[in-house]
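One structure below.
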There are 2 protein chains.
Amino acid sequence: MSLDHYFIQLANHKLKKTPKRIEILRVMNSKNTYFSPQELWAMLKEKFQKIGLPTVYRILQQFQEIGIVASIQKEDNQLYYFLCSIKHSHHHFICRKCKKVSCVEYCDFEQIKKSVEEQLQSKAETHFLQIEGLCKDCLES
Amino acid sequence: MSLDHYFIQLANHKLKKTPKRIEILRVMNSKNTYFSPQELWAMLKEKFQKIGLPTVYRILQQFQEIGIVASIQKEDNQLYYFLCSIKHSHHHFICRKCKKVSCVEYCDFEQIKKSVEEQLQSKAETHFLQIEGLCKDCLES
DNA sequence: TTGTAAACGAAAATCATTTTCATTTAGAAT
DNA sequence: ATTCTAAATGAAAATGATTTTCGTTTACAA
Ligand SMILES: [Mn+2]
Ligand SMILES: [Mn+2]
Ligand SMILES: [Zn+2]
Ligand SMILES: [Zn+2]
């Protein structure tokens with residue numbers, strides 16, 4: 001996706017187009033993988049003489065708030081973000097080898113919802129689904 | 001479920017049947033809700049004059065390793081555990097009001113797996129699904 | 001009853017994440 | 001182009017959950 005798309009979102013939410021934000025977007029947009037704040041920080045330190053880790057955390061949080069990044073859940077309970085501008089509820093496929101993240105729009109939750117509600121007599125309101133495996137590229141290599 | 005079931009698992013894995021372990025099992029077995037280590041610690045402090053937080057963390061980890069507790073994922077990225085002895089892959093329904101956790105054995109993942117693998121030409125290996133809503137009791141009250 | 005590995009508590013360490021606050025900067029207004 | 005100001009940032013410290021260390025205690029088998 002074009003960086004301009006993200007710049008427009010920044011403007012829409014009155015977030016300034018700063019060098020740090022631009023670089024984070026550039027790095028994240030160069031690969032479709034998820035990143036930890038520390039990883040991004042390490043990459044940004046190669047380009048900027050001064051760059052604080054809190055800045056990275058802040059920017060990622062803001063990007064999540066304005067809906068251009070999403071986070072994934074890992075066993076280590078740390079924060080991982082990736083670019084995702086889809087607004088409606090959907091899910092993610094994550095390659096366990098290369099960390100690539102792909103959006104999964106298809107999900108027939110109705111069956112499970114129905115089963116849960118019947119068996120437990122409860123109301124299923126939301127669901128979180130994350131799929132892991134090997135992506136096309138990693139399967140081939 | 002009877003506490004004896006858990007005591008047998010302790011014995012099977014050569015874990016001693018200590019007062020702290022017994023009490024954690026008793027507390028967790030008294031409600032079908034999830035607990036944070038800190039919550040359990042607070043409850044245990046009422047019964048024991050001396051009880052360290054690391055003990056609670058250690059016991060919960062061990063219980064997870066021997067397959068009598070499982071953990072849930074929350075937005076705050078902290079650890080939450082609940083009693084669950086089901087060995088095979090399944091999912092959980094969590095009541096957002098009372099924190100009750102129910103196991104969900106039904107899941108037709110084949111459809112999504114097929115869709116993902118076709119569209120992304122990837123291999124879907126594992127999936128994590130967590131359902132949130134209101135349980136029977138909380139719906140009624 | 002005794003021996004011993006396992007369990008435990010206290011204290012400190014670790015480490016990811018957040019807060020504080022003084023300084024700098026993007027971008028709008030002039 | 002210059003000025004102004006709220007937003008953005010860095011440095012340092014704080015926070016808070018979780019883990020490690022290590023000396024003492026305990027479960028339980030012999
Ligand atoms: Mn879904
Ligand atoms: Mn499933
Ligand atoms: Zn891959
Ligand atoms: Zn409930």
Side-chain angles (χ1 to χ4, degrees), chain A residues 3-4 6-27 34-66 68-69 71-81, chain B residues 3-4 6-27 34-66 68-69 71-81:
Chain A
L3 283 188
D4 286 333
Y6 301 112
F7 296 157
I8 291 168
Q9 296 309 311
L10 291 186
N12 285 348
H13 295 271
K14 306 202 196 312
L15 292 185
K16 293 177 179 171
K17 189 176 162 185
T18 67
K20 311 299 162 61
R21 285 188 180 137
I22 295 170
E23 181 63 9
I24 287 183
L25 288 172
R26 201 190 60 69
V27 167
Y34 62 84
F35 299 87
S36 69
Q38 286 86 350
E39 280 174 315
L40 285 171
W41 187 45
M43 299 173 84
L44 295 195
K45 278 197 285 192
E46 293 175 3
K47 176 157 243 156
F48 301 104
Q49 63 289 53
K50 285 180 133 198
I51 167 76
L53 187 51
T55 299
V56 179
Y57 274 95
R58 278 186 296 238
I59 289 177
L60 289 170
Q61 271 179 200
Q62 292 160 338
F63 284 2
Q64 185 164 42
E65 281 159 15
I66 70 176
I68 62 179
V69 313
S71 57
I72 69 156
Q73 297 284 64
K74 291 228 303 171
E75 289 285 316
D76 62 11
N77 278 357
Q78 288 177 210
L79 294 170
Y80 295 95
Y81 296 96
Chain B
L3 283 188
D4 287 332
Y6 302 113
F7 296 157
I8 291 168
Q9 296 309 311
L10 290 186
N12 285 347
H13 292 86
K14 307 202 195 313
L15 293 184
K16 292 176 179 171
K17 187 176 163 187
T18 68
K20 310 300 161 62
R21 286 190 179 133
I22 295 170
E23 181 63 8
I24 287 183
L25 287 172
R26 202 190 59 70
V27 167
Y34 62 82
F35 298 87
S36 70
Q38 286 85 351
E39 280 174 315
L40 285 171
W41 187 44
M43 298 173 84
L44 294 196
K45 279 196 286 193
E46 293 175 4
K47 176 155 241 157
F48 302 103
Q49 60 291 58
K50 285 180 132 197
I51 167 77
L53 187 50
T55 299
V56 179
Y57 275 95
R58 277 186 296 240
I59 289 177
L60 289 170
Q61 271 179 201
Q62 293 161 337
F63 284 1
Q64 184 165 41
E65 281 159 16
I66 70 174
I68 61 178
V69 313
S71 57
I72 69 156
Q73 298 284 76
K74 289 229 303 171
E75 288 287 317
D76 64 9
N77 278 359
Q78 288 177 209
L79 295 170
Y80 294 95
Y81 296 96

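Among the heavy atoms of the strands lying under 4.0 Å from B:Arg21 are primed sugar atoms or P, OP1, OP2 only; no base atom is included. At the heavy-atom level, B:Gln49 lies nowhere under 4.0 Å from the strands shown. Looking at heavy-atom distances under 4.0 Å, B:Lys50 makes contact with sugar-phosphate atoms alone, never a base.
Each of B:Ile51 and A:Gln61 has a nearest nucleotide on DNA chain C; the 5'-most of these lies closest to B:Ile51. Take the nearest nucleotide of DNA chain C for B:Leu53 and for A:Lys17: the residue whose nucleotide is more 5' is B:Leu53. Comparing B:Gln78 and B:Leu15, the nucleotide of DNA chain D nearest to each residue sits closer to the 5' end for B:Gln78.
Nucleotides of DNA chain C with any atom under 4.0 Å from a heavy atom of chain A span, from 5' to 3', C:dA16 to C:dG27.
In this structure, A:Tyr57 places its OH atom 19 Å from P of D:dA14, rounding to the nearest Å. What separates CD1 of B:Ile59 from P of D:dT19 is a distance of 14 Å, to the nearest Å. Distance B:Tyr80 OH to D:dA17 P: 9 Å, rounded to the nearest Å. Rounded to whole Å, atom C1' of D:dT26 lies 13 Å from atom CZ of B:Phe48. If you measure from atom CD1 of A:Ile22 to atom C1' of D:dA8, you get 13 Å, rounded to the nearest angstrom. Put simply, CG on A:Leu79 is 15 Å from P on D:dA17, counting in whole angstrom units.
Here A:Glu23 pairs with A:Arg26 in a salt bridge; the nearest charged N to carboxylate O distance falls below 4.0 Å.
The nearest pair of heavy atoms linking A:Pro37 to A:Leu79 is CD-O, 3.3 Å. Across B:Leu10 and B:Lys16, no two heavy atoms sit closer than the pair CD1-O, 4.3 Å. The shortest heavy-atom contact between A:Ile59 and A:Arg21 is CD1-CG, 3.6 Å.
Taking 4.0 angstrom as the limit, B:Gln38 places none of its side-chain polar atoms (N or O) nearer than this to OP1 or OP2 of D:dG16. Neither OP1 nor OP2 of D:dT26 sits under 4.0 Å from any side-chain N or O of B:Thr18. For D:dG10, one of the phosphate oxygens OP1 or OP2 lies less than 4.0 angstrom from a side-chain nitrogen or oxygen of A:Thr55.
Taking the side chain of A:Lys16 as heavy atoms from C-beta on, and the options D:dT18, D:dA8, D:dT9, the nearest nucleotide is D:dA8.
Every residue two or more places apart in sequence or in another chain that forms a side-chain contact (heavy atoms from CB on, under 4.5 Å) with A:Gln9 is listed here: A:His5, A:Asn12, A:His13, A:Ile66, A:Ile68. Residues forming a side-chain contact (heavy atoms from CB on, under 4.5 Å) with B:Ile22 (at least two apart in sequence, or on another chain): B:Phe7, B:Lys17.
Residue A:Asn77 holds its CG atom at 5.5 Å from CD of B:Gln73, rounded to the nearest 0.5 Å.
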